[in-house]
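First up is the structure itself, then whatever we jot down about it.
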Amino acid sequence: MRKIVFLCFLLCVFFFLGLSCSEESGRETNSKVVDLPWEGDPNSIPQSLRQKNPAASLEAKKGGIIRIYSHQFPRSLNYYLEQFTTTARIFTSLYEPLCSYHPFSLETIPHLAREWKISADKKKFTFYLDPNARWSDGKPVTADDVIFTYDTIMNPKNNTAVFRVSLSRFLKPVKEDELTVSFEAKEVHWNNFNDVASSIFILPKHQFEGKDFNKENMEFPIVSGPYKISDVKKNRFIKLERRGDWWQRAYPFNQGRYNFDTIIYKVYNEEAVALQAFKKGDIDIYPVYSAFVWVEEAKGEAFDKNWIAKQRIFNEKPVGFQGWAMNTRREIFSDKRVREAMTLLVDRKLMIDKLAYGEYDPTNSYYPDFYLGSNKSPNPPSDFNMNKARALLKEAGWVPNKDGILEKNGKLFQFTILDRDKKTEKYFTVFLEKAKEVGIRASIDTMDLASWSERVDKYDFDMTWAAWGSGVFKDPESQWYSKYADEPGQPNLPGLKIPSVDKLIQKQKSEFSLNTRNQILKELDQIVYKEYPYVLLWHLPSIRLLYWQKYKHPSLPLGKYGDESFSSDYWWYDEDMDKRLTNAISKKETFDEYQKIIRLDK
């Protein structure tokens with residue numbers, strides 16, 4: 001589950017030291033990108049990419065700038081080394097996979113590969129690269145680049161462990177000719193094709209060969225994708241510029257995509273500062289992850305007069321889970337009864353109602369999107385119950401000493417919560433008060449994202465807040481398979497090892513029916529749930545978005561399965577709207593009405 005793009009990768013939050021417009025005015029000027037004439041043969045374009053993209057609008061215009069909020073500066077822009085949401089968005093604008101998914105049907109469509117062939121035994125996959133595919137220095141994308149990418153990921157010296165899980169099922173790819181490469185799997189797995197076709201982003205061998213890949217973090221001069229990095233200022237911003245020489249610029253399927261000439265990810269470590277910057281117009285689009293911001297802060301003249309759109313969007317975006325991971329490698333959380341007791345000390349109803357304005361639904365599954373709407377999870381909810389928590393702790397051998405602190409074999413019950421976001425402390429504080437009542441000593445250690453990631457990658461924590469993305473095609477292997485529980489950098493943060501879960505993971509590998517696999521996952525979910533590896537929290541079945549009304553978007557603003565990242569790929573700047581908006585603001589007039597709630601018409 002954890003390629004957080006989708007992970008999902010990936011994590012589910014945008015993270016970002018603030019700048020005023022005057023501090024960056026020189027940085028934010030937008031240079032018009034001129035598309036170079038495409039001199040390729042139209043007949044060489046793959047047939048499926050000669051069609052209109054149903055997620056895009058033919059009215060879209062190229063040009064303009066969009067400034068996006070990010071909540072912390074990534075320690076790396078190399079997605080293979082750092083699966084942070086902003087890193088994923090940037091890296092996947094620079095590099096490309098062999099194949100992509102159709103935005104509505106989810107069928108495989110060409111990308112770097114123009115076509116492919118799957119053997120009858122479903123173990124060999126041959127990819128024929130598009131002869132038009134070029135790196136930004138003009139060199140062709142070749143089979144050597146594909147093989148180099150595989151070798152780079154599989155090199156145990158590189159911090160690419162999370163990607164090695166799926167690629168370890170393959171033999172080393174074979175170069176059939178300059179533009180043909182084949183992968184052969186060691187075993188049948190339903191996701192084998194997707195793991196090589198759409199989950200790895202091909203690197204230029206002639207740039208990275210002979211270098212320490214773990215040090216390739218911020219500079220990527222040779223790319224194949226529609227954008228390139230034009231400027232980076234640590235802890236302030238990352239600026240992308242559209243490539244007028246992108247090799248797929250004339251493909252009809254891309255009409256209406258990649259419209260912005262400039263994309264700037266602006267970094268603000270404090271959400272309150274970022275929100276004020278947004279309200280001043282220093283940020284253009286602001287996805288809201290905080291109920292307090294949505295209910296209490298997203299109001300005032302700019303909202304009342306429609307200068308800023310406040311939109312709630314319902315589509316079929318897969319919903320992941322978030323919670324407090326308990327590290328079972330640590331003695332204190334190795335006992336399931338202790339972990340269950342922690343879940344019972346969390347008053348989710350109070351937190352949701354009083355601290356989160358009733359905005360969320362409690363999560364009672366590691367696959368909550370199976371149970372949206374009227375579909376109810378079979379997992380019994382872990383409702384707040386201090387008496388039951390005390391009983392479980394006593395059963396596990398933890399009894400109060402003369403000071404009222406729980407003790408077992410001469411050791412006090414005390415642990416540290418590793419956190420990366422000050423605004424989540426209010427939730428931990430509610431928990432800590434209840435934990436103290438039963439004799440538990442706990443504290444919070446808050447650090448920046450880079451330090452947190454380094455600690456978590458080494459499983460150097462007792463408890464930590466983690467949020468995971470999801471996907472339409474869910475693969476539980478990296479998240480729950482015992483084999484990867486002790487390998488650094490894997491997403492099995494609790495270190496769970498359950499033989500019955502391993503068997504189900506093995507069972508689903510050779511199942512090609514999505515419905516059957518999902519039934520297996522539901523069975524797996526019930527087993528994992530009863531082990532209490534996380535204190536599960538809550539989820540939101542919609543996407544909350546704020547943006548200045550100088551942009552237009554397709555009829556489905558975030559597509560069928562998309563999140564806020566869809567905006568930088570499919571929205572466009574409208575100069576006339578911007579002028580009218582500026583005029584409305586100067587005259588204190590109400591601007592255009594807009595649809596405040598958008599639901600996907602099924």
Side-chain angles (χ1 to χ4, degrees), residues 5 30-40 45-46 48-53 55-58 60-68 77-79 86-103 109-114 129-141 145 198 200-204 207 219-232 238-265 285 551 553-554 559 562-573:
V5 89
N30 179 52
S31 300
K32 179 66 178 176
V33 174
V34 177
D35 285 326
L36 300 181
W38 190 72
E39 298 177 351
I45 298 175
S48 59
L49 299 186
R50 300 181 196 179
Q51 317 302 317
K52 175 188 179 296
N53 183 337
S57 170
L58 296 180
K61 300 175 183 178
K62 298 204 181 300
I65 182 174
I66 188 167
R67 298 161 300 173
I68 300 170
L77 297 181
N78 186 338
Y79 179 55
T86 299
T87 296
R89 290 184 66 173
I90 292 171
F91 194 81
T92 55
S93 298
L94 309 179
Y95 298 105
E96 301 168 297
L98 294 170
C99 302
S100 298
Y101 292 111
H102 189 280
I109 58 175
H111 205 113
L112 286 174
R114 59 181 171 83
L129 298 180
D130 192 324
N132 296 319
R134 290 288 186 276
W135 297 108
S136 53
D137 63 357
K139 293 184 178 180
V141 179
D145 297 312
S198 55
I200 59 174
F201 289 77
I202 307 306
L203 302 170
Q207 179 196 339
E219 296 183 5
F220 305 98
I222 301 173
V223 299
S224 68
Y227 286 87
K228 62 183 179 181
I229 297 175
S230 62
D231 199 3
V232 175
I238 302 147
K239 184 177 181 179
L240 304 185
E241 181 182 300
R242 189 171 65 83
R243 291 181 53 217
D245 61 347
W246 181 43
W247 66 277
Q248 262 198 24
R249 62 191 178 279
Y251 284 30
F253 196 79
N254 291 317
Q255 185 178 353
R257 294 183 76 186
Y258 312 120
N259 301 309
F260 295 109
D261 283 350
T262 303
I263 301 174
I264 301 179
Y265 293 89
I285 185 168
Y551 298 104
H553 51 66
D563 59 13
E564 59 275 0
S565 64
F566 187 92
S567 61
S568 58
D569 284 357
Y570 285 92
W571 292 22
W572 67 97
Y573 169 73

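Numbering of residues begins at 1 and proceeds along the displayed sequence.
In this structure, Gly225 and Arg243 approach most closely via the heavy-atom pair O-NH1, 2.7 Å. Nearest heavy atoms, Tyr95 versus Pro204: CE2-CD, 3.6 Å. A pairwise comparison of heavy atoms in Gly244 and Val33 identifies N-CG1, 3.7 Å as the closest pair.
For Ala60, the side chain to side chain contact (heavy atoms under 4.5 Å, CB included) partners are Asn259, Trp572, not counting sequence neighbours. Scanning for side chain to side chain contact (heavy atoms under 4.5 Å, CB included) contacts around Asn254 gives Trp246, Gln248, Tyr251, Arg257, Tyr258, with sequence neighbours left out.
Within a 6.0 Å sphere centred on NZ of Lys52, heavy atoms belonging to other residues, nucleotides or ligands number more than 12. No more than 12 heavy atoms of other residues, nucleotides or ligands lie within 6.0 Å of NZ in Lys228, so this atom counts as exposed by the packing criterion.
In this pair, Tyr79 and Phe91 present their aromatic rings tilted. The plane angle is within the 30 to 60° band.
Side chains of Thr262 and Glu241: no donor on one and acceptor on the other come within 3.5 Å. Looking only at atom types and distance, the side chain of Asn53 has a donor-acceptor partner in the side chain of Tyr570 under 3.5 Å away. Counting only N and O atoms by type, the side chains of Arg134 and Ser224 include no donor and acceptor under 3.5 Å apart. Using modelled atom types and a 3.5 Å distance limit, the side chains of Asp145 and Trp135 yield a donor-acceptor pair.
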| message | Go through it in stages, so that I can follow the logic: the residues are Asp35 and Arg249, the test is salt bridge (Lys or Arg N to Asp or Glu O under 4.0 Å), and I'd like the CA-CA distance, side-chain angles, deciding distance and then a yes or no. | response | CA-CA 8 Å; Asp35 285 326; Arg249 62 191 178 279; 5.7 Å; no
